[in-house]
Amino acid sequence: MFACSRSLNSAVVSALRLLRSNQTAVTGQLERPLSTQTDGEVRIAKILKEKFPSASSLKVVDISGGCGAMYEIHIESSEFKGKRTVQQHQLVNQALKDEIQNMHGLRIFTDVPQH
């Protein structure tokens with residue numbers, strides 16, 4: 001009985017080590033390599049690049065596990081200069097109005113480049 005239990009524990013520990021070596025935990029979410037963007041991430045990034053051509057930084061992450069229900073967006077653009085945070089977020093929401101209809105939630109982080 002102990003040999004079976006030891007063998008099972010060893011298998012579980014090995015599986016956990018494998019998972020940890022292949023994935024990075026970031027704020028409770030598993031981060032995917034950049035080369036594996038979902039279709040939704042690519043589509044939203046394209047829309048935002050078109051709407052905010054002067055964006056110096058843009059990151060779109062599907063935080064719903066890949067099903068497209070919730071996204072986190074980080075965007076830095078000089079087009080936000082002089083606007084309050086709520087106004088910046090309204091611009092992003094307006095740019096994504098068609099996409100938002102199919103989402104459960106959206107986290108938006110905006111900033112103005114510091115030069």
Side-chain angles (χ1 to χ4, degrees):
M1 172 120 179
F2 290 112
C4 181
S5 178
R6 230 180 270 137
S7 176
L8 179 60
N9 285 340
S10 177
V12 169
V13 169
S14 294
L16 288 172
R17 283 186 185 139
L18 179 63
L19 282 173
R20 286 186 188 141
S21 69
N22 289 331
Q23 298 173 334
T24 305
V26 177
T27 62
Q29 299 288 330
L30 293 179
E31 185 177 283
R32 295 181 318 274
L34 292 177
S35 61
T36 60
Q37 285 188 308
T38 66
D39 291 341
E41 290 169 339
V42 171
R43 186 174 58 253
I44 290 169
K46 181 177 185 247
I47 292 167
L48 292 173
K49 285 176 187 174
E50 290 171 1
K51 179 65 178 176
F52 303 100
S54 67
S56 56
S57 176
L58 174 62
K59 180 179 177 185
V60 179
V61 180
D62 183 337
I63 57 174
S64 64
C67 72
M70 189 162 182
Y71 291 90
E72 183 170 294
I73 295 170
H74 295 261
I75 183 168
E76 185 176 285
S77 176
S78 58
E79 294 165 72
F80 297 140
K81 188 173 184 173
K83 294 181 173 51
R84 295 181 319 222
T85 302
V86 70
Q87 294 171 316
Q88 296 171 11
H89 290 203
Q90 287 170 340
L91 289 172
V92 174
N93 278 313
Q94 181 62 30
L96 298 174
K97 66 181 178 189
D98 294 334
E99 300 295 320
I100 288 174
Q101 294 175 11
N102 300 319
M103 290 181 200
H104 172 72
L106 181 63
R107 291 183 193 164
I108 301 172
F109 299 90
T110 55
D111 205 359
V112 177
Q114 305 296 319
H115 336 327

Selection residues 85-100 - residue pairs positive for salt bridge (Lys or Arg N to Asp or Glu O under 4.0 Å), sequence neighbours left out: Arg43-Glu99

Looking only at heavy atoms, the pair that brings Gln87 and Lys83 closest together is OE1-CA, 3.4 Å

Please report the closest heavy-atom contact between Ile63 and Glu72, naming both atoms and the distance. CG2-CB, 4.0 Å

Spacing of [X] atom [atom1] and [Y] atom [atom2] [to the nearest 0.5 Å]:
| X | Y | atom1 | atom2 | value |
| --- | --- | --- | --- | --- |
| Asp111 | Gln88 | CG | CD | 7.5 Å |
| Leu96 | Lys51 | CG | NZ | 10.5 Å |
| Gln90 | Thr85 | CD | OG1 | 11.0 Å |
| Ile75 | Phe109 | CD1 | CZ | 13.5 Å |

Partners passing salt bridge (Lys or Arg N to Asp or Glu O under 4.0 Å) against Glu76 (at least two apart in sequence or in another chain): none

Set of residues satisfying side-chain contact (heavy atoms from CB on, under 4.5 Å) with respect to [X], sequence neighbours excluded:
| X | value |
| --- | --- |
| Val42 | Gln37 |
| Lys46 | Glu50 |
| Glu79 | Phe52, Pro53, Ser54, Ser77 |
| Ile108 | His89, Val92, Asn93, Leu106, Thr110 |

Side-chain contact, heavy-atom cut-off 4.5 Å: Ile44 with Met103? yes

Would a distance-only check, ignoring hydrogens and angles, find a side-chain to backbone donor-acceptor pair under 3.5 Å from Asp62 to Glu41? no

